[in-house]
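These notes are about the structure you will find just below.
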Amino acid sequence: MSCSKAQEFLAKRKIESLQTTNAKQEVIGPQEALRLAREADEIVVARGKRVVRIDLKRETPDDATLQSLILGPTGNLRAPTLRVGRTLLVGFDEPTYRRLLG
């Protein structure tokens, strides 16, 4: 559901991605998801109405904390996930997308 909302948001604003991965075909497991998270300066996670922001320049959460935020019930990276510069967006939150993507 949130993947379609994210795609709709991007299409309306004519924002094209440099790389797209279908999460059903190419699974990103826990270790690769952590690597992506550790490469970011900020992680923004939307889960329902709750949005969690982590500034990795100021905070150093442990792997278990990061995994609890970015992994879904299957143990793989949640979709949709976008990397915008040095920010990793996990889940869909329209106000956050507007702020970071315009």
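Between F9 and K5, every side-chain heavy-atom pair lies at or beyond the 4.5 Å cut-off. Put simply, the side chain of R47 does not reach to within 4.5 Å of the side chain of V90, judged on heavy atoms. At a threshold of 4.5 Å between non-hydrogen side-chain atoms, the residues L10 and S17 do not count as touching.
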Identify all side-chain donor-acceptor contacts of residues 94-102 below 3.5 Å with residues at least two apart in sequence or on another chain.
unit_1: T96; atom_1: OG1; unit_2: R53; atom_2: NH2; d: 3.2
unit_1: T96; atom_1: OG1; unit_2: D93; atom_2: OD2; d: 2.5

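L56 and A37 get closest at one heavy-atom pair: CD1-O, 3.2 Å. Considering all non-hydrogen atoms of both residues, D63 and R38 come closest at OD1-NH2, 2.9 Å. Contact detail for P80 and C3: the closest heavy-atom pair is N-SG, 3.6 Å.
Remark: E42 CD to D55 CG distance equals 6.5 Å, nearest 0.5 Å. How far CZ of R58 is from CD1 of I54: 14.0 Å, rounded to the nearest 0.5 Å. The line from CG of L34 to CD1 of I70 is 5.0 Å long, rounded to the nearest 0.5 Å. Atoms CG and CD, from D62 and Q67 in turn, are 9.0 Å apart once rounded to the nearest 0.5 Å.
Counting non-hydrogen atoms of neighbouring residues, nucleotides and ligands closer than 6.0 angstrom, the CZ atom of R35 exceeds 12 such neighbours.
For residues 68-86, every residue pair satisfying the side chain to side chain donor-acceptor pair (under 3.5 Å) rule, not counting sequence neighbours, is listed here: E39-R83, D41-R86, T74-N76.
The hydrophobic clustering, which links ILVMFWY residues whose side-chain heavy atoms are closer than 4.5 Å, places V44 and L69 apart. When hydrophobic clusters are built by joining Ile, Leu, Val, Met, Phe, Trp and Tyr residues whose side-chain heavy atoms come closer than 4.5 Å, directly or via intermediates, L88 is not grouped with F92. If you chain together hydrophobic residues whose side chains sit under 4.5 Å apart, V27 and L36 never meet in one group. Hydrophobic clustering (side-chain heavy atoms under 4.5 Å, transitive across Ile, Leu, Val, Met, Phe, Trp, Tyr) groups I28 together with I43. Under a hydrophobic clustering in which Ile, Leu, Val, Met, Phe, Trp and Tyr are joined whenever their side-chain heavy atoms come within less than 4.5 Å, directly or via other members, V45 and L77 fall into the same cluster.
For the salt bridge (charged side-chain N to carboxylate O under 4.0 Å, His left out) test, residues two or more places apart in sequence or in another chain that qualify with K12 are E8.
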